[in-house]
Every structure is written in C-alpha cells, then in structure tokens.
Amino acid sequence: MVQATPFLLVLSLALVAPSFSSRKCVLTGKWINDLGSNMTIGPMNEKGDFFGNYTTTVTVNKTETRTSPMLGSQHLTKEKSQPTFGFTVHWNFTDSVTVFTGQCFVDELGNEVLKTMWLLRLPENNINDDWKATMVGTNVFTRLHSQKE
Ligand code: BTN
C-alpha cells in the first residue's frame, strides 16, 4: 500500500496534467465551418491580435476562389476562458469583404466551438444600390486536429 501511493500519485498527475496544459480557446490552429470552409489562424501576439488565411467553399457569384488573408483579434484566455473575438477576411478573388464576430465555447465534451455571425459587404457601383450590398449570416467552426494529436 505504501509503495502504491507514489505510483497512484504519478498516475493521477499524468492523467490530469494534459487538461491543465492544453489551453482551450486560444484560436491559433486550423478550423472548419458548417459550410466546409477552412481557416488557419497564426500565433497570437501578447495583445491577442492574429493573422490567418481563409478558404471558402462558397461564393456569391460562383467565382473561382483563392485562399484569402484574414486579420483579427481575440480577448486573451487568461482573462476569459470562453473569449470573444473578431476577424476580417479580405477576399483576394473579388472586391468584397467579410467581418466575423463571435465567441469560443468549450462544449460538454470538451470540444472548442466558435459561434460566429458575419457581415459580407459586396461592392455596388451606384449609391442607390447600397441597400442591397450587405449580407448577414452565421457560421459554426470546429477545430481540425492534426493526425499526430
Ligand atoms: C464573395 O463571394 O463575395 C466572397 C466569398 C464570401 C464567402 C462567405 S463569407 C460568409 C460565409 N462563410 C463562409 O465560409 N463563406 C461564406
């Protein structure tokens, strides 16, 4: 019994430690949404700002797509465990822009889920057409895990 105690202690630490070390809801990494679009978010700086890239599966005019740059920021998880964030995608195959805002949640299974709303601004030639230039919607993103994990 005396010998088993240190063993059990080490075992329980080994089981519990990963949940301490894997910081949930730091957005860095690869994500896929309910439309099948993918985004890769780069490292966060000390303020929570980040760069990334976004590949959409759908477009308004069924144009050929290219992976497009995105720029965003999130509240840091030290302060909030389920942080809010926002990012802008500058589409590089058309003249539109999408802004996303949302929050990262950890669901009951421990999975990170990004619940977002977006505004997609399309260019119009005439000011009188401004009323029809903005689309709104929602997307849900989940993390794409690499094979190594
Ligand atoms: C365009 O067609 O003007 C640019 C591509 C827009 C893709 C939109 S952004 C919101 C929604 N979520 C996606 O992943 N793709 C579409």
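Values below: all heavy atoms of this structure, side chains included; hydrogens, waters and symmetry mates excluded. The residues of the chain are indexed from 1 along the displayed sequence. As the structure lists them, so they are numbered: ligands from 1, and atoms in each ligand from 1.
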### Task
Quick one: which residue pairs count as a salt bridge (Lys or Arg N to Asp or Glu O under 4.0 Å) with a foot in residues 102-112, not counting sequence neighbours?
Glu112-Arg143
### Message
I'd like to know if Arg121 pairs up with Asp95 as an ion pair, taking the criterion as any Lys NZ or Arg NE/NH1/NH2 lying under 4.0 Å from an Asp or Glu carboxylate oxygen.
### Response
no
### Task
Classify the side-chain pair Asn38/Trp31 by whether it contains a donor and acceptor separated by less than 3.5 Å.
no
Donor-acceptor pairs under 3.5 angstrom involving side-chain atoms of residues 73-90: please list them, not counting sequence neighbours.
from: Gln74; atom 1: OE1; to: Leu27; atom 2: N; distance (Å): 2.9
from: Gln74; atom 1: NE2; to: Cys25; atom 2: O; distance (Å): 3.2
from: Gln82; atom 1: OE1; to: Val106; atom 2: N; distance (Å): 2.8

### Message
Checking Trp91 now: which residues fulfil side-chain hydrogen bond (donor to acceptor under 3.5 Å, both in side chains) with it, not counting sequence neighbours?
### Response
Thr98
### Query
When you check the side-chain N and O atoms of Ser68 and Asn92, is any donor under 3.5 Å from an acceptor?
yes
Distances under 3.5 Å, N/O of ligand 1 against N/O of the protein: list each pair and its distance.
from: ligand 1; atom 1: 2 (O); to: Val60; atom 2: N; distance (Å): 2.7
from: ligand 1; atom 1: 3 (O); to: Ser96; atom 2: OG; distance (Å): 2.6
from: ligand 1; atom 1: 12 (N); to: Asn139; atom 2: OD1; distance (Å): 2.8
from: ligand 1; atom 1: 14 (O); to: Asn33; atom 2: ND2; distance (Å): 3.0
from: ligand 1; atom 1: 14 (O); to: Ser37; atom 2: OG; distance (Å): 2.7
from: ligand 1; atom 1: 14 (O); to: Tyr54; atom 2: OH; distance (Å): 2.7
from: ligand 1; atom 1: 15 (N); to: Thr56; atom 2: OG1; distance (Å): 2.9

